[in-house]
Amino acid sequence: MAVLIRTSDLPAERRLDAWRTVVCDTLGPLDFRIDPDAPLRGEIEAGQLGSVGVGRVRTSTPHSVHRTRGLIRRDGPELYRVVLAMAGSPRLTQDGRSAQLSRGEFAIYDFSRPYELAYDSAVQLAVFSLPRDLLTLPGGAVDALTAVPITAESGTAALAVPLLHRVTADIETYRPDSAARLSTVVTDLISTAVAERAEQVRSLSPDSRQRVLLLKVRAFIEQRLGQADLDPATIADAHHISVRYLHRLFESESTTVAAWIRQRRLERCRAELAAGGTRSVSEIASRWGLPDSAHFSRVFKRAYGMPPAEYRRASAVR
């Protein structure tokens, strides 16, 4: 991300005006309110993930930002924003609701309507800006859920929150084509998490529902790679779909369910072999759902060009 402001880089007497400029002009238009005697400390960064704007705010100084009707009349981009509490407890207020977010919770708000985002203590936030037409949801569904906490305890939000954290940390490492694909994933997960909260999942586009279902299936597989008996029937049953439809999901990715499971198991084995450790090759293979040593050796060599024991030795001398 590009650093828009880091207060430690500025003389104390310039920090307030510089912060106000970044908040009100670059991220806004917004109104910025702070105790003029408060020592301002913090950092704001911004980047772009395809069509999704990504910002990160760290500050230890209590203050608030406001979107007023006057500012909306002056400039009213058609955006939704999502704020994710990475540390601290920011408070978001809109449409008569107020949400005090805890770490790992996020909430959506409409940038074209008045709101307040306040920090009473140190916080670290990620803020995602999404053009309204990217969220394939009826406006009324979103309007009913502005400033409502969405937790990562279950459902699609359990996938969305870790990904939002990861995207915020790694955004500068993505190539443009990867960033464009990730922006679709981020938008799908946010849309679906909001739709689940509003009980309007059927209002999502079929393509969006299919992409999110595939993400859920992959996460389910990832958590159960060590189960040697993991099979398509088990996976399909857990997601209330037919085995035939499960295979269709993976066909859209030009692979098969079995090939995906095998690939992920081999990747886990490869990583553990490269890391060293005291487990034997057969123990590692069995740990990741490949208990047949001879079969494991064959598929590993086919994937990585050498048997697993040789790969481990080669990794140790690098």
Side-chain angles (χ1 to χ4, degrees), residues 104 136 150-167 178 181-273 279 281-304 308:
T136 55
I150 297 177
T151 70
E153 293 177 356
S154 61
T156 301
L159 291 178
V161 168
L163 179 64
L164 295 179
H165 274 275
R166 185 66 178 266
V167 163
S178 298
R181 289 194 297 271
L182 264 176
S183 70
T184 300
V185 174
V186 165
T187 303
D188 282 339
L189 289 176
I190 290 173
S191 297
T192 305
V194 173
E196 287 175 352
R197 192 75 165 75
E199 299 183 350
Q200 295 207 27
V201 173
R202 291 187 179 277
S203 66
L204 295 167
S205 71
D207 285 349
S208 180
R209 291 203 301 270
Q210 180 172 305
R211 288 192 296 264
V212 170
L213 177 57
L214 183 58
L215 289 171
K216 289 181 176 179
V217 167
R218 285 178 171 177
F220 180 87
I221 291 171
E222 202 72 22
Q223 293 166 1
R224 293 162 177 80
L225 289 175
Q227 299 175 9
D229 59 349
L230 181 66
D231 62 8
T234 301
I235 298 165
D237 185 60
H239 293 86
H240 311 291
I241 58 176
S242 68
V243 172
R244 183 178 180 181
Y245 186 66
L246 175 67
H247 286 305
R248 281 175 52 198
L249 285 177
F250 280 83
E251 285 172 7
S252 69
E253 298 290 300
S254 301
T255 188
T256 65
V257 183
W260 178 261
I261 294 172
R262 182 172 60 251
Q263 176 188 335
R264 295 305 302 142
R265 282 173 169 162
L266 288 173
E267 276 297 298
R268 290 295 188 94
C269 292
R270 183 202 61 78
E272 192 163 344
L273 288 167
R279 286 194 181 97
V281 169
S282 60
E283 286 174 333
I284 291 172
S286 183
R287 167 176 157 81
W288 294 113
L290 296 165
D292 184 330
S293 298
H295 171 71
F296 169 63
S297 185
R298 286 194 302 271
V299 296
F300 189 95
K301 183 178 180 180
R302 191 183 309 140
Y304 301 110

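Here the structure is a predicted model, which means the values were calculated and not measured.
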What do the steps show when you test Tyr245 against Gln210 for side-chain contact (heavy atoms from CB on, under 4.5 Å), and what is the final call? CA-CA 10 Å; Tyr245 186 66; Gln210 180 172 305; 3.7 Å; yes

In a table with atom names and distances, give each donor-acceptor pair under 3.5 Å that connects a side chain of residues 292-303 to protein atoms at least two apart or in another chain.
unit_1	atom_1	unit_2	atom_2	d
Asp292	OD1	Ala294	N	3.2
Asp292	OD1	His295	N	3.1

Please assess Glu267 against Tyr304 for the test side-chain contact (heavy atoms from CB on, under 4.5 Å), listing each intermediate value before the final yes or no. CA-CA 10 Å; Glu267 276 297 298; Tyr304 301 110; 2.5 Å; yes

Do [X] and [Y] have side-chain heavy atoms sitting under 4.5 Å apart?
{"X": "Ile261", "Y": "Ile235", "answer": "yes"}
{"X": "Leu246", "Y": "His239", "answer": "no"}
{"X": "Arg218", "Y": "Glu253", "answer": "yes"}
{"X": "Val257", "Y": "His247", "answer": "yes"}
{"X": "Val167", "Y": "Leu164", "answer": "no"}
{"X": "Phe220", "Y": "Arg224", "answer": "yes"}
{"X": "Lys216", "Y": "Arg211", "answer": "no"}
{"X": "Thr187", "Y": "Thr184", "answer": "no"}

When you measure from the side chain of [X] to the backbone of [Y], do you find a donor-acceptor pair of N or O atoms at a distance under 3.5 Å?
{"X": "Ser208", "Y": "Ser205", "result": "no"}
{"X": "Thr192", "Y": "Asp188", "result": "yes"}
{"X": "Glu196", "Y": "Thr156", "result": "yes"}
{"X": "Arg209", "Y": "Leu204", "result": "yes"}

Hey, what do you get for [atom1] ([X]) to [atom2] ([Y]), rounding to the nearest 0.5 Å?
{"X": "Ile221", "Y": "Gln227", "atom1": "CD1", "atom2": "CD", "answer": "11.5 Å"}
{"X": "Leu189", "Y": "Leu163", "atom1": "CG", "atom2": "CG", "answer": "6.0 Å"}
{"X": "Thr234", "Y": "Asp229", "atom1": "OG1", "atom2": "CG", "answer": "6.5 Å"}
{"X": "Leu290", "Y": "Arg262", "atom1": "CG", "atom2": "CZ", "answer": "9.5 Å"}

Apply side-chain contact (heavy atoms from CB on, under 4.5 Å) to the pair Thr151 and Val161, showing each step before the final yes or no. CA-CA 8 Å; Thr151 70; Val161 168; over 6 Å; no

For Asp237, what residues pass the side-chain contact (heavy atoms from CB on, under 4.5 Å) criterion, not counting sequence neighbours? none

With distance as the sole criterion, is a donor-acceptor pair present between the side chains of Glu272 and Trp288 under 3.5 Å? yes

For the residue pair Pro162 and Ala157, what are the closest heavy atoms and their distance? CD-O, 4.3 Å

Does Phe250 have Arg248 sitting over its ring (NZ/CZ under 6.0 Å from centre, angle to axis within 45°)? no

